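Below is one structure; the comments refer to it alone.
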Amino acid sequence: DMASFGIDAIRYFNHARAAGVSTADDLTYTFNRANGFDSKLRGSGHSRSFYWANTDCWETDIRDTDQGGDDRSYVDNVDLFWIETHGNHTSDGQARMLFDTPQTAWRTFSGKWQLGESWNAEWVMAYSCKTVDRGNVAGLWNIFGGLHIYCGAWDNMYDAWTTDECGEDVADNLVHGHTV
C-alpha cells in the first residue's frame with residue numbers, strides 16, 4: 001500500500017530568538033535529512049501531502065481540532081508525519097517542540113495532540129531532542145487516538161554532517177520493511 005506523508009522542517013530560529021522565546025541555535029542539516037526522507041518516499045511511489053519549511057510550519061498543524069488546531073487538515077490527514085525542530089519534554093512527560101513563528105503559539109505541547117481518531121495519522125517521527133521522557137512515557141498516551149507509533153528521542157539528537165543521510169536512511173528502512 002502507498003502511504004501519504006507530510007513534513008515540517010525548521011532550520012532557522014531567528015524569530016524565536018528575537019522575540020526572547022528561545023535561545024536555540026539554528027540547525028544545519030535539517031533539509032539534508034528532510035529532503036532525503038521526502039525524496040526516498042516519493043521515489044518509491046508514496047505521496048507527499050505537504051512539506052512546510054521554517055516559518056511555514058505552524059504548531060496548529062499538529063494540535064487537535066478540539067484544542068483549536070487544524071490537525072485534520074495536516075498531521076492527522078497523512079499516514080506519516082516527519083518533523084524536525086528543537087525539542088524537549090515537560091515535567092509531566094509531554095513532548096515540547098519549538099517553531100519559529102507564533103501562528104498561535106511558539107511551541108507545540110503533546111498534551112494538545114490527539115492523532116488518528118477517525119482520521120489518518122499512523123506514525124509521527126520527531127527528529128527533535130528529548131521528546132520522550134523515559135521516566136514518564138505515559139505523558140504521551142493522550143496522543144494515541146488511533147495513532148500507531150510515535151518515534152521520538154529520550155536524549156539528544158545530533159545535527160552534523162554525520163547525520164545528513166538520516167532521513168533518507170529512515171525512509172529506506174520504511175520502504176523495505178526494515179526496523180526503523
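Below, each value reflects all heavy atoms present in this structure, side chains not excepted, and no hydrogens, waters or symmetry copies. Keep in mind that what you see is a predicted model, and the values were worked out from it rather than measured.
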Exercise. Looking only at heavy atoms, which two atoms of Ser110 and Asn142 are closest? And how far apart?
Worked result: O-ND2, 2.8 Å
Exercise. By ring pair (Phe, Tyr, Trp, His ring centres under 6.0 Å), which residues pair with Trp113, not counting sequence neighbours?
Worked result: none
For this session: Using the test salt bridge (charged side-chain N to carboxylate O under 4.0 Å, His left out), find all partners of Asp26 that sit at least two apart in sequence or belong to another chain.
Result: Arg17
Exercise. Hey, is CZ on Phe50 packed in by over 12 heavy atoms from elsewhere, all under 6.0 Å?
Worked result: yes
Exercise. Are the side chain of Trp58 and the backbone N or O of Thr55 linked by a donor-acceptor pair below 3.5 Å?
Worked result: yes
For this session: Ignoring hydrogens and angles, tell me if any N or O in the side chain of Asp133 forms a donor-acceptor pair with the backbone of Gln94 under 3.5 Å.
Result: no
Exercise. Stepwise, does the side-chain contact (heavy atoms from CB on, under 4.5 Å) test hold for Phe81 with Leu115?
Worked result: CA-CA 11 Å; Phe81 175 60; Leu115 300 166; over 6 Å; no
Problem set entry | Under 3.5 Å: donor-acceptor pair, side chain of Thr163, backbone of Ala160 | yes
Problem set entry | Counterpart residues, side-chain hydrogen bond (donor to acceptor under 3.5 Å, both in side chains), relative to Asp71 (two or more places apart) | Thr65
Exercise. For the residue pair Thr30 and Ala9, what are the closest heavy atoms and their distance?
Worked result: CG2-CB, 3.7 Å
Problem set entry | Of all pairs that satisfy salt bridge (charged side-chain N to carboxylate O under 4.0 Å, His left out), the ones with a partner from residues 136-154, not counting sequence neighbours | none
For this session: To the nearest 0.5 Å, tell me how far Ile149 CD1 sits from Met125 CE.
Result: 8.0 Å
Exercise. Hey, are the side chains of Lys40 and Asp172 touching, using non-hydrogen atoms and a 4.5 Å cut-off?
Worked result: yes
Exercise. Mind checking what makes ring pair (Phe, Tyr, Trp, His ring centres under 6.0 Å) contact with Phe13, not counting sequence neighbours?
Worked result: His86
Seminar exercise, completed: Tightest non-hydrogen contact, residues Ile83 and Ser128, listed as O-OG, 4.2 Å
Problem set entry | Heavy-atom side-chain proximity of Ser4 to Asn120 below 4.5 angstrom | yes
For this session: Mind running side-chain contact (heavy atoms from CB on, under 4.5 Å) on Thr85 and Thr108 for me, showing each step along the way?
Result: CA-CA 11 Å; Thr85 185; Thr108 184; over 6 Å; no
For this session: Only pairs at least two apart or in different chains count here, so list each salt bridge (charged side-chain N to carboxylate O under 4.0 Å, His left out) that has a residue in residues 41-50.
Result: Asp38-Arg42, Asp38-Arg48
Exercise. Can you hop from Met157 to Val170 via hydrophobic side chains spaced under 4.5 Å?
Worked result: yes
Problem set entry | Test log, rule side-chain contact (heavy atoms from CB on, under 4.5 Å), inputs Arg63 and Thr104 | CA-CA 11 Å; Arg63 187 172 3 127; Thr104 59; 2.5 Å; yes
Exercise. Partners of Lys130 by salt bridge (charged side-chain N to carboxylate O under 4.0 Å, His left out), sequence neighbours excluded?
Worked result: none
Exercise. Ile10 and Phe109: same hydrophobic cluster, using ILVMFWY side-chain contacts below 4.5 Å?
Worked result: no
For this session: Name all residues meeting the side-chain hydrogen bond (donor to acceptor under 3.5 Å, both in side chains) criterion together with Ser73; count only those two or more places apart in sequence or in a different chain, and write none if there are none.
Result: Asp70
Exercise. Is it true that a side-chain atom of Asp159 and a backbone atom of Thr28 form a donor plus acceptor pair closer than 3.5 Å?
Worked result: yes
Exercise. Applying ring-ring contact (aromatic ring centres under 6.0 Å, His included), which residue pairs with at least one partner in residues 19-42 are found, sequence neighbours left out?
Worked result: Phe37-Trp82
Exercise. Got a donor-acceptor contact below 3.5 angstrom from the Asp61 side chain to the Tyr74 backbone?
Worked result: no
For this session: For Gln114 and Gly145, indicate whether the former's side chain and the latter's backbone hold a donor-acceptor pair under 3.5 Å.
Result: no
Problem set entry | ILVMFWY network linking Phe99 to Ile143, side-chain heavy atoms under 4.5 angstrom | yes
Problem set entry | Shortest non-hydrogen separation from Leu98 to Ser22 and the atoms involved | CD2-OG, 3.6 Å
Seminar exercise, completed: Residue set satisfying salt bridge (charged side-chain N to carboxylate O under 4.0 Å, His left out) with Glu168, at least two apart, ordered chain then number -> none
Exercise. Can Ile7 be reached from Leu41 by stepping across I, L, V, M, F, W or Y side chains whose heavy atoms are under 4.5 Å apart?
Worked result: yes
Exercise. Can you find a heavy atom in the side chain of Val124 that is under 4.5 Å from one in the side chain of Leu147?
Worked result: yes
For this session: Can you run down the salt bridge (charged side-chain N to carboxylate O under 4.0 Å, His left out) pairs that involve residues 79-96, sequence neighbours left out, and say none if there aren't any?
Result: Arg33-Glu84
Exercise. Should Val21 and Arg107 be marked as a side-chain contact (heavy atoms from CB on, under 4.5 Å) after you check the CA-CA gap, both sets of side-chain angles, and the distance that decides it?
Worked result: CA-CA 9 Å; Val21 172; Arg107 289 185 174 91; 3.6 Å; yes
Problem set entry | Selection residues 124-168 - residue pairs positive for ring-ring contact (aromatic ring centres under 6.0 Å, His included), sequence neighbours left out | none
For this session: Treating Ile, Leu, Val, Met, Phe, Trp and Tyr as nodes and any side-chain heavy-atom pair under 4.5 angstrom as an edge, say whether Trp106 and Leu27 lie in one connected cluster.
Result: yes
For this session: Give the minimum heavy-atom separation between Met97 and Thr131, together with the two atoms involved.
Result: CG-CG2, 4.1 Å
